[in-house]
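Structure record follows, encoded as structure tokens.
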Number of protein chains: 2
Amino acid sequence: MAKKGQYTYEYPHPAVTADCVVFGYDGKELKVLLIKRGAEKEASTRAYVGQWALPGGFLDVETDKTVAHTAARELKEETGLKLSVKDFKEVGTFSDIKRDPRERVITVAHYALVKLTDVRADTDADNAGWFSWSDIPNLAFDHDKILRVAFSRLKQDIHFEPVGFELLPEVFTLPQLQNLYESILEVKFDRRNFANKMKHFEILSEVQDGTPRKGTRTPIKYRFQKDNYERLKRNGFQLEF
Amino acid sequence: MAKKGQYTYEYPHPAVTADCVVFGYDGKELKVLLIKRGAEKEASTRAYVGQWALPGGFLDVETDKTVAHTAARELKEETGLKLSVKDFKEVGTFSDIKRDPRERVITVAHYALVKLTDVRADTDADNAGWFSWSDIPNLAFDHDKILRVAFSRLKQDIHFEPVGFELLPEVFTLPQLQNLYESILEVKFDRRNFANKMKHFEILSEVQDGTPRKGTRTPIKYRFQKDNYERLKRNGFQLEF
DNA sequence: CTTGATTATGTAAAAATTACACAAAATATT
DNA sequence: AATATTTTGTGTAATTTTTACATAATCAAG
């Protein structure tokens, strides 16, 4: 980060931040990663201390190549989660003149999808936590608004991108996939129709595995077939429900 | 605009601008409004003098309520075109560290759709010009990239929003509407299927008017039926081609 | 009145979507 | 061991949507 000092401009400049909405899925519900705002070393950066908020922070003017880099850097610093810059999709800019009590701050919101199975261990549990979509606490700043916009963006994107597969473990079952789609789209599907449609796309391949069962009939395990998906996508296909 | 002076911060701040991609349609081709960059009064703000660029400019930290307000304000100042803040849709943030040679500048790109018939007279012809989509000159900064992203965003949005109707005059013909869809989606449609689909939506109403003819059969004139469209939209319809 | 350009129109075939019910697998219960 | 309970897997017929396709009407110009 740039050294603290005196930076002077002829006209006022806003501060710019990047915020991250990180979605995960535990097999039942959509989850979001939040952090607990601590007392920053710098008095000037203290705000909403003790409240939950989206991970994020200030653009480093001198070193962050883009705001997506800011998002990735801050996410790692605040939660321990290490994502690639290209995992972040931009949601939009939030620039209301009074959205930050300290000074004028424009934030660029991003969202990212992670496999909870992969990352749960990485997240620094003292300062961060995964919250169910249906049970989000009050958030600092306008982060509740950002969250709603990010979710609606995810809801849009699921029509065109295989977002389900970025949230599920490598190997998953049809009911899991269906439940995820239902969680994001907030609708219910007929099981047979859902299965038919998915099979029709030919982007799932069956996986033989040492059936670790549950309390009922053992579901078939699948893996996402990325090559087939890429081919379909090139021909302008629409993953629709 | 804030008075020139000395504005000091403990950490470096970027400048923030809003840029506008204003699309129009002349009945044949999609058009974009560009401005010719002049020598600004302030030496420090001079860059790419004499080149074509997107209208846009710096966020006024003290008075612009949001960056969309910046976009609206700058568009009016630079081209004479007076649009409402809610006519701007955000395209995205462009934040590459070297995108502006003067200092670190983050821009938030927006697009807007206008009826050329309405606004052509308003645009200040000395500094601004409408360019065919197929014939865009070299642009300042990364504005060519912004333009491409804005166009692809428009291409997406046309599936869900009646963007065609914001670009056409109040009264238009089916061939005009079809040509516009074809221009934006970069495909050709069968005339009968296009007409059937449009009629099926029931968002067009025929208009009787004093047939100002051309050199061929006089096409039927239509008007967009906003009330029916709003009703359809509430039920989650998808305007699709 | 013929030509050329443009617009309007309908239907049959194919594809996609929807609605819908029962059997199989596994565990828990008695 | 038999039974109940839960969850998963599967196919088909009816409906709707999409696609493919050709001819006749209107107008201006020559």
A:I220, nearest nucleotide to its side chain (from C:dA8, D:dG9, D:dT12) = D:dG9

request  = Using atom CG of B:L174 as one end and atom C1' of C:dA8 as the other, report the distance to the nearest whole Å.
outcome  = 9 Å

inquiry  = In this structure, how many angstroms lie between the P atom of D:dA20 and the CZ atom of B:F194, rounded?
reply    = 16 Å

ask   = Among C:dC20, C:dT7, D:dT8, which is the nearest nucleotide to the side chain of B:R191?
value = C:dT7

task = Starting at atom CZ of A:R192, determine the distance to atom P of C:dC22, rounded to an integer number of angstrom.
result = 10 Å

key: Euclidean distance, atom CG of residue A:N179 to atom P of D:dT7 [Å, nearest integer]   = 12 Å

query = Any donor-acceptor pair under 3.5 Å joining the side chain of A:R217 to the base of D:dT8?
reply = yes

ask   = Between B:D190 (CG) and D:dT17 (C1'), how many Å, whole number?
value = 15 Å

key: Residues that A:E77 engages under salt bridge (charged side-chain N to carboxylate O under 4.0 Å, His left out), provided they are two or more places apart   = A:R73

ask   = Nearest to the side chain of A:T216, which nucleotide is it out of D:dT8, D:dT7, D:dC21?
value = D:dT7

Nucleotide C:dC20, atom C1' - distance to CZ of A:F189 in whole Å = 17 Å

query = Should B:K197 be listed as having a side-chain N or O under 4.0 Å from OP1 or OP2 of D:dT18?
reply = yes

remark   = Assign each of A:H200 and A:N193 the nucleotide of DNA chain C bearing its closest heavy atom; nearer the 5' end lies the nucleotide of A:H200

